[in-house]
Amino acid sequence: MHFEQLQPLGWQAFFQQQLSLEEWERDQPARIADYQRSVFTVDTGSGRITLPVTTSQPAMTVGDWVLLDGEGRFLRLFERSSLFSRKAAGSAVQVQLIAANIDTVFIVSSLNQDFNLNRLERYLALCHEAGVEPVVVLTKADLCESAGDYIDRVRSLDPRLAVVAVNGLDSESVVSLSPWCAPGRTVALMGSSGVGKSTLVNTLVAEEVQRTGGIREDDDEGRHTTTSRSLHRIPGGGVLLDTPGMRELQLADCEQGVESAFADIAELAGRCRFQDCRHQSEPGCAVLAAVEEGDIDERRLLNYHKLLREQAMNTSSVAEQRARARAQGKRNRYTLKLKNKKGDGGTM
């Protein structure tokens, strides 16, 4: 196995350092490129093979690096450089893994009715929690006469935030994203359904790897086409991880991410009269004063409160479920122990 074969898959020194010399010479690093029901598709650098999902394996997702033996059997999971997760959609109280080992996230939003600052802040919180660089990509710039106004609105969230407007169908326009797509780098695309992610993927990888849909006339939105996460190589560059449009992106274990996404509010909070100020009606609140003076948008403060409440509730729910599962496991082991004693002729 050679470094030149793995680098196009996003292989970096971080993963190399997790291998012994014996493992490097004997075994095979591979990256999970797709997941369908009970089978992973992994890329070894020289080709793709299937890896059956078993109960003995740790929880894994697209983007993970795994070590295989000479027969292509799973040995272990590499430590991750980053991990994206969310509360599973619906009523299930569990965390769903989204993607692993991402360097940059293109948060995709189209320049039409889909544009939503609240949603962008939600994705920014997710990126900050994972410690991954966010780049806001505004698509369908060819259909918008005021792209500059949208860019200014996004930069109002954070003046340091990279924001790029592109025509996803035009390869020359998409070249502006190349600084984040260098060899050895992994870029993930995230955004709601119909914002043009699949079109952008096809243009970046110079191949029709994702089916695309047209614009619906009734609401100016694209049709949802991507149904699973998948990894694609960028010619001459790194790799691209596409994700399905997320209709419900519930945050959990994301308090630090929310605070980082709303760094202006967090910085002002240090000036409040009371250390436990909740920035709602307390006297001497620096955040509320900034809202009244027009320095902080009230919409932004309301969304800050909303995301903090949401992640706290979901984090608590997931923790409670885990505690119940541990307690049930203890009961099951105790019951099994009693049965074994009875089977051995023991008395109670």
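Throughout, residue positions are numbered sequentially from 1 according to the sequence presented. Atoms considered below: every heavy atom in the structure, side chains included; atoms not considered: hydrogens, waters and symmetry mates.
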### Query
Is the Lys NZ or Arg CZ of Arg76 less than 6.0 Å from the centre of Phe78's six-membered ring, within 45° of the axis?
yes

### Task
Check whether any side-chain N or O of Ser20 sits under 3.5 Å from a backbone N or O of Glu23 as a donor-acceptor pair, and report yes or no.
yes

### Task
Output yes when a side-chain donor or acceptor of Thr315 lies under 3.5 Å from a complementary backbone atom of Ala312, and no otherwise.
no

### Task
Provide the closest heavy-atom pair for Ser46 versus Gln5 in the form atom of the first, atom of the second, distance.
CB-NE2, 3.6 Å

### Query
Just by modelled atom types, is the Thr199 backbone N or O under 3.5 Å from a matching donor or acceptor in the Asn202 side chain?
no

### Query
With no hydrogens and no angle check, is any side-chain donor or acceptor of Gln28 less than 3.5 Å from a backbone partner on Arg73?
no

#### Entry: Residue pair Arg122, Lys306: steps toward the side-chain contact (heavy atoms from CB on, under 4.5 Å) verdict
CA-CA 10 Å; Arg122 184 178 290 266; Lys306 176 184 178 182; 4.0 Å; yes

### Task
Identify the two heavy atoms, one from Ile265 and one from Val287, that lie closest to each other, and give their separation to 0.1 Å.
O-CG2, 3.9 Å

### Task
May I have the step-by-step check of side-chain hydrogen bond (donor to acceptor under 3.5 Å, both in side chains) for Gln12 and Asn101, ending in yes or no?
CA-CA 10 Å; Gln12 299 175 359; Asn101 301 314; over 6 Å; no

### Message
Please determine whether side-chain contact (heavy atoms from CB on, under 4.5 Å) holds for the pair Thr41 and Ile32, giving the CA-CA distance in whole Å, both sets of side-chain angles, and the decisive distance to 0.1 Å.
### Response
CA-CA 6 Å; Thr41 299; Ile32 297 178; over 6 Å; no

### Task
For atom CZ of Arg278, decide whether the heavy atoms of other residues, nucleotides or ligands shown that lie under 6.0 angstrom number more than 12.
no

### Message
If we ignore hydrogens and angles and just use 3.5 Å, is the side chain of Thr243 paired with the main-chain N or O of Leu189 as donor and acceptor?
### Response
yes

### Message
Taking the side chain as everything from C-beta on, heavy atoms only, tell me whether Arg31 gets closer than 4.5 Å to Thr186.
### Response
yes

### Query
Does Arg229 reach the main-chain N or O of Ile98 with its side chain, forming a donor-acceptor pair under 3.5 Å?
yes

### Distance-minimising heavy-atom pair for Cys144 and Ala147
SG-N, 3.6 Å

### Query
Is any side-chain heavy atom of Phe14 closer than 4.5 Å to a side-chain heavy atom of Glu79?
yes

### Query
Do Asp69 and Arg26 sit within salt-bridge range, that is, some charged N less than 4.0 Å from a carboxylate O?
no

### Query
Is there a donor-acceptor pair under 3.5 Å between the side chain of Ser178 and the backbone N or O of Val175?
yes

### Task
Determine yes or no for a side-chain-to-main-chain donor-acceptor pair under 3.5 angstrom, with Gln311 supplying the side chain and Leu251 the backbone.
no

### Query
Quick one: does Phe274's side chain get under 4.5 Å of Pro283's, heavy atoms only?
yes

### Query
Linking I/L/V/M/F/W/Y whenever their side-chain heavy atoms sit closer than 4.5 Å, directly or via other members, would Tyr123 and Val163 fall into one cluster?
yes

### Sole residue of Leu200, Leu231, Val187 in side-chain contact (heavy atoms from CB on, under 4.5 Å) with Leu240
Val187

### Task
Without swapping roles, check the side chain of Thr139 against the backbone of Val195 for a donor-acceptor pair under 3.5 Å.
yes

### Task
Give a yes or no answer on whether the side chain of Glu282 reaches the backbone of Gln280 with a donor-acceptor pair at less than 3.5 Å.
yes

### Query
Can you tell if the side chain of Gln36 reaches within under 4.5 Å of the side chain of Asp34, non-hydrogen atoms only?
yes

### Query
So which heavy atom on Ser171 is nearest to which on Thr203, and how close?
CA-CG2, 3.6 Å

